[in-house]
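Everything on this sheet refers to the single structure shown next.
Just follow the structure's listing: the first ligand is 1, and inside any ligand the first atom is 1.
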Amino acid sequence: MENDPSAPAGPSPRIAAVIVAAGRGTRVGPGAPKQWRPLAGRRVADWTLDAFRNHPRVERIVLVHHAEDLDELRDMEDILLTPGGATRDASVACGLAALASDPPDIVLIHDVARPLVTPDTIDRVIDALTHAPGAAPALTVTDALWRGDNGRVAGTQDRSGLFRAQTPQGFHFEAIRAAHAAQPGGAADDVEVARSAGLDVTIVAGDERNMKITGPEDFARAEQYLRGRMDIRTGIGYDVHAFEEGEACILCGVAVPHDKKLKGHSDADVGMHALTDAIYGALAEGDIGRHFPPSDMQWKGAESHIFLRHAIDLARTKGYELANCDVVLICERPKIGPHAAAMQSALAEIMGVEADRVSVKATTSEQLGFTGREEGIASQAIATLIRT
Ligand code: MG
């Protein structure tokens, strides 16, 4: 994220995802392959694709499909579609080939049957690739392991050092492409392909929810997770700035001519500050002061869209989208009404949302209190975020 001081320096890598969906999924029983079956109101593949579509660092997505599944590929204009091969290895190689004319730096290879992958897991894989040519999520084995024979325990298996592998498995693009080209076939997954080519693969923390849908009982479990994930959050923000000598007030991104300006460390955009704090509040992420300390001189005179953009980016990184927001400016003058539509468009553009999700309105305080005496402007905002 561009304003996150903890983010690694240098240009961000170009990242593509290859979703492997060419399998027939026969273990779920007769009917459509599992990736095209319904799960919590949509198809399994739709949930999986959205996990990558909604991830801010993933630029392009390739869906490797079965040649017979053309009817399933509607509403996928934003996805690169390519038919797969006879085996999983061959299908991944088809997905990589589809990216080769404009190669990304990093490719994330993911099973379509893992629709519950979270943005955090994807981030952990991407971050580990700064230091390693390959990275993949896995869970430690915590249950005891037995060997069985005819329904009886025949021995115990040491579980130390054992992991349950998940996807996405991430690699430097050219390295994994070369590894696939050299692979004779039959690998269990892309980590095995990478390792057989001598690439180091780092293990990052997996997620228990990132389950692979294999049998019919997995649909019920995945559905339960998805329903539990629906998460609606509301945050509130309040801000005040005093007037000083000047010619215009910056309010919700619009310079409104006035015989005074607002005083503050940044551009003193009181409305945008209240809205930014509302978004941070919905995320339980403190306020502007926490992310942009006033003691830090680099934010002196800063344009407030930097703060708002940071808050909305943080929301998206955490898997939320703005449902709507409502900003109230409280002042006697300047008159807000003639500028409200421009403010609405400015805020919508900064946040990358439709204008009808943004409301800006104003009230006076009937000449009472500090706003009534025209000593400054106050603003209140509320924002609702929904988990995507
Ligand atoms: Mg402020």
**Protein N, O or S within less than 2.8 Å of the Mg ion (ligand 1), waters excluded** =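 Protein N/O/S atoms under 2.8 Å of the Mg ion (ligand 1): D239 OD2, H241 NE2, H273 ND1.
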Any chance [atom1] of [X] has more than 12 other-residue heavy atoms, nucleotides or ligands included, within less than 6.0 Å?
X	atom1	answer
R195	CZ	no
E303	CD	no
Q224	CD	no
E245	CD	no
K263	NZ	no

**Salt-bridge present (D149, R147; N to O < 4.0 Å)** =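 Result for this pair is no, no salt bridge flagged.
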